[in-house]
Amino acid sequence: MSSTTSNHKRIFALVDVNNFYVSCERIFDLKLRDRPVVVLSNNDGCCIARSNEAKEMNITMGQPFFQIRRLEDEGILKVRSSNYALYADISSRFREILLGFTPDVEVYSIDECFLDFSKMNFKNLDSAAAEIRNTVWRWIHLPVCVGIASTKTLAKLANHTAKKNPELNGICILQDESAIRSCLEKTEVENIWGIGPAYTKLLKQNGIFNALSLSEMDDLQARKQMTIQGLRLVHELRGISCIEMETHPDPKKNIAVSRSFGAPAAELKDLREAVAVYAKRACEKLWHEKRLASTISVMIRDNPFNTERFYSNYQLAAFQNPTDNMNEIMKTAISLLSQIYKKGPNYKKAGVILGGLIPVSERPGMLFSGKKGRTADALNLLIQRQTAKKLSFASTGTSSAFWHTKFSKLSPRCTTRWEEIPRVRSQ
DNA sequence: TCTGGGGTCCTAGGACCC
DNA sequence: TCTGGGGTCCTAGGACCC
């Protein structure tokens, strides 16, 4: 496969929505435009999206909300809880638009996609990029930046440059040698895709402060200090494409459901309730993905900011046979919980992780296809549905439970619920 | 008072085998 | 003085991403 592409100049575009969650909120709420806005994490805990105006006020990514609540009280800052139903729906519309430009689209995250333009023969990349920006704005009112280059890492870097320099009008194309060089030189190591806090520290100790010097790093040293991924990264910065497009992602390997509680819980019976609900949700995700889980682990922890006596623990178990049986999954989760629970801590978070996922078609004992298999399938489905019903009855009594996640500033689910659709007032 | 959630990949090291 | 070599598989933990 590589032989067909090795001599071919690659062209990758990265299209990324600016301040995605805030921009989604702004689509339907005009009051949020042109002013400082933040969107909060689960539990209204910290700021996970900020408008440019909010960034200018030095509100940082991940900043605890209680530290800036004052700004909301004073009417300076607008605040919203996370509205995941809305963001997921807008995200899929965003993807649909990009598919109109090339079939080779990789959904990299909820707010950004890689596009492979290598075979597209665009006469002018500048106008293609501008067309993408205009179309996304016209159709769903999202502001995006476009970065284009010969590797995914350089496209990321170009996108970052477009964001930081308003005079570029949201577009940065890295093609000629001198432009690439100057862009690399201006990019600090901590802003490179794949370089986190640990590698930043390590590189700076080695006298490497920007992307240009990282691109000149010795191969052996890169491999030794930052694993094979680090070596790939260095090559990508040199313009050698090592990270391929993933237009058809592999199925998930893990399914996790974990939450911080609205209020701490100390008693085993309270944690049991939370863990049961998370196990149930994890199982529902499992059904949706049509997978069986081979392992399950449960974690609990108290408040990590309480440094005095921080307690965190988890336990893993393997199922006898890979399963998607809700009863079995919930029972195992509760039993694991009782193994790690100890009296004393005020627990603030719990989670359930299903691992070793395999397709439902590989269920032991389902090897024989035909009528028998289908009957068993149908029976299983029936059991699953009934179990789900029974269990959800058991847990609905706790709708006001202390540990429930807080969403106190939620906007309407405008695009996915009829009853929450916005109304237009006629004058 | 109040601090998110869900993923991936890579490697070292242990267990086990011949 | 002397203590094999080379595999595979599994998992915990550390790095990263948004």
Side-chain angles (χ1 to χ4, degrees), chain A residues 14 16-21 38-49 59-70 72-73 79 81-82 84 87-88 91 106-114 152-153 156 159-160 189-203 222-233 242-243 246 249-264 278 281-282 285 289 294-295 297 299 301-307 310 312-318 346 348-357 405-409:
Chain A
L14 178 66
D16 180 314
V17 181
N18 305 344
N19 318 326
F20 181 62
Y21 292 177
V38 296
V39 174
L40 303 178
S41 64
N42 270 346
N43 252 335
D44 296 341
C46 26
C47 304
I48 51 168
I59 296 171
T60 57
M61 180 66 180
Q63 182 159 17
F65 175 55
F66 71 85
Q67 292 175 357
I68 54 165
R69 177 170 290 141
R70 178 181 50 85
E72 188 193 21
D73 296 341
V79 182
S81 301
S82 291
Y84 294 114
Y87 310 152
S91 177
E106 171 186 342
V107 178
Y108 178 67
S109 76
I110 193 164
D111 71 332
E112 58 191 300
C113 292
F114 283 104
K152 284 169 111 179
T153 305
K156 263 290 213 191
N159 190 289
H160 179 254
V189 278
E190 56 262 50
N191 293 324
I192 300 169
W193 187 43
I195 300 295
Y199 287 163
T200 296
K201 195 174 157 203
L202 187 134
L203 290 171
R223 171 72 178 77
K224 210 166 144 192
Q225 299 195 323
M226 300 185 295
T227 82
I228 188 78
Q229 295 179 115
L231 180 59
R232 254 183 233 139
L233 167 56
C242 308
I243 306 173
E246 287 176 29
D250 293 338
K252 280 201 184 98
K253 298 183 174 67
N254 294 294
I255 285 175
V257 175
S258 69
R259 293 280 182 282
S260 295
F261 304 149
Y278 301 165
R281 281 190 204 148
K285 286 189 185 182
E289 301 273 327
S294 310
T295 66
S297 38
M299 63 78 72
R301 67 163 208 217
D302 68 359
N303 189 346
F305 298 93
N306 171 13
T307 47
F310 176 55
S312 166
N313 203 350
Y314 86 101
Q315 183 68 49
L316 180 139
N346 266 319
K348 195 68 175 78
K349 182 173 180 172
V352 173
I353 302 161
L354 301 175
L357 306 189
T405 310
K406 277 187 293 197
F407 292 95
S408 61
K409 302 159 192 302

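Letters go in sequence order (proteins before strands), and every chain restarts at 1.
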Apply side-chain contact (heavy atoms from CB on, under 4.5 Å) to [X] and list each qualifying residue two or more places apart in sequence or on a separate chain.
| X | answer |
| --- | --- |
| A/Tyr199 | A/Ile195, A/Met226, A/Thr227 |
| A/Val107 | A/Arg95, A/Cys113 |
| A/Thr60 | A/Gln63 |
| A/Asp302 | A/Phe310, A/Tyr311, A/Pro345 |

Output a table of nitrogen or oxygen pairs between the protein and nucleotides 10-17 of chain C separated by less than 3.5 Å.
residue : atom : partner  : partner atom : Å
C/dC16  : OP1  : A/Gly196 : N            : 2.9
C/dC16  : OP1  : A/Gly196 : O            : 3.1
C/dC16  : OP1  : A/Ala198 : N            : 3.3
C/dC16  : OP1  : A/Tyr199 : N            : 2.8
C/dC16  : OP2  : A/Ala198 : N            : 3.3
C/dC17  : OP1  : A/Gly194 : N            : 2.9
C/dC17  : OP1  : A/Ile195 : N            : 3.3
C/dC17  : OP1  : A/Ile195 : O            : 3.4

Taking any heavy-atom pair under 4.0 Å as a contact, classify A/Asp111: base, sugar-phosphate, or nothing.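 Result for A/Asp111 = sugar-phosphate.
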Strictly under 3.5 Å: I want the nitrogen or oxygen pairs between protein and nucleotides 4-6 of chain B, one per line.
residue : atom : partner  : partner atom : Å
B/dG4   : O4'  : A/Ser41  : OG           : 2.9
B/dG5   : OP1  : A/Ser260 : N            : 2.5
B/dG5   : OP2  : A/Ser260 : N            : 3.2
B/dG5   : OP2  : A/Ser260 : OG           : 2.8
B/dG5   : OP2  : A/Lys349 : NZ           : 3.4
B/dG5   : O3'  : A/Arg259 : NH1          : 3.2
B/dG6   : OP1  : A/Arg259 : NH1          : 2.7
B/dG6   : OP2  : A/Ser258 : N            : 2.5
B/dG6   : OP2  : A/Ser258 : O            : 2.8
B/dG6   : OP2  : A/Ser258 : OG           : 2.7

Does a nitrogen or oxygen in the side chain of A/Lys348 sit under 4.0 Å from OP1 or OP2 of B/dT3?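 Answer yes for this pair, as a side-chain N or O of A/Lys348 is under 4.0 Å from OP1 or OP2.
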Report the residues that fulfil salt bridge (Lys or Arg N to Asp or Glu O under 4.0 Å) with A/Glu246, sequence neighbours left out, ordered by chain and then residue number.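 Partners of A/Glu246 by the salt bridge (Lys or Arg N to Asp or Glu O under 4.0 Å) criterion come out as none, since no residue qualifies.
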All salt bridge (Lys or Arg N to Asp or Glu O under 4.0 Å) counterparts of A/Lys409, not counting sequence neighbours: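 A/Lys409 satisfies salt bridge (Lys or Arg N to Asp or Glu O under 4.0 Å) with A/Glu72 only.
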Whether A/Phe114 and A/Trp193 hold their rings parallel, tilted or perpendicular, with breakpoints at 30° and 60°: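 A/Phe114 and A/Trp193: tilted rings.
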Got a sec, which residues hit ring pair (Phe, Tyr, Trp, His ring centres under 6.0 Å) with A/Phe65, two or more places apart in sequence or on another chain?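 Ring pair (Phe, Tyr, Trp, His ring centres under 6.0 Å) list for A/Phe65, sorted by chain: empty.
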Which residues share a ring pair (Phe, Tyr, Trp, His ring centres under 6.0 Å) with A/Phe20, sequence neighbours left out: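 Residues passing ring pair (Phe, Tyr, Trp, His ring centres under 6.0 Å) with A/Phe20: none at all.
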What pairs of residues pass the side-chain hydrogen bond (donor to acceptor under 3.5 Å, both in side chains) test when at least one of them lies in residues 39-49 of chain A, not counting sequence neighbours?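 Sorted pair list: A/Asp44-A/Ser81, A/Asp44-A/Ser408.
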Between which residue ranges does DNA chain B form stems of three or more consecutive Watson-Crick or G-U wobble pairs, both distances under 3.5 Å?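 DNA chain B forms these stems: B:5-18 with C:5-18.
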Start at the 5' end of DNA chain B and walk down; is the nucleotide closest to A/Asn303 or to A/Arg223 reached first?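 Result: A/Asn303.
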Rounded interatomic separation in angstrom, taking CG from A/Asp302 and C1' from B/dC2: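 It is 16 Å, rounded to the nearest whole Å.
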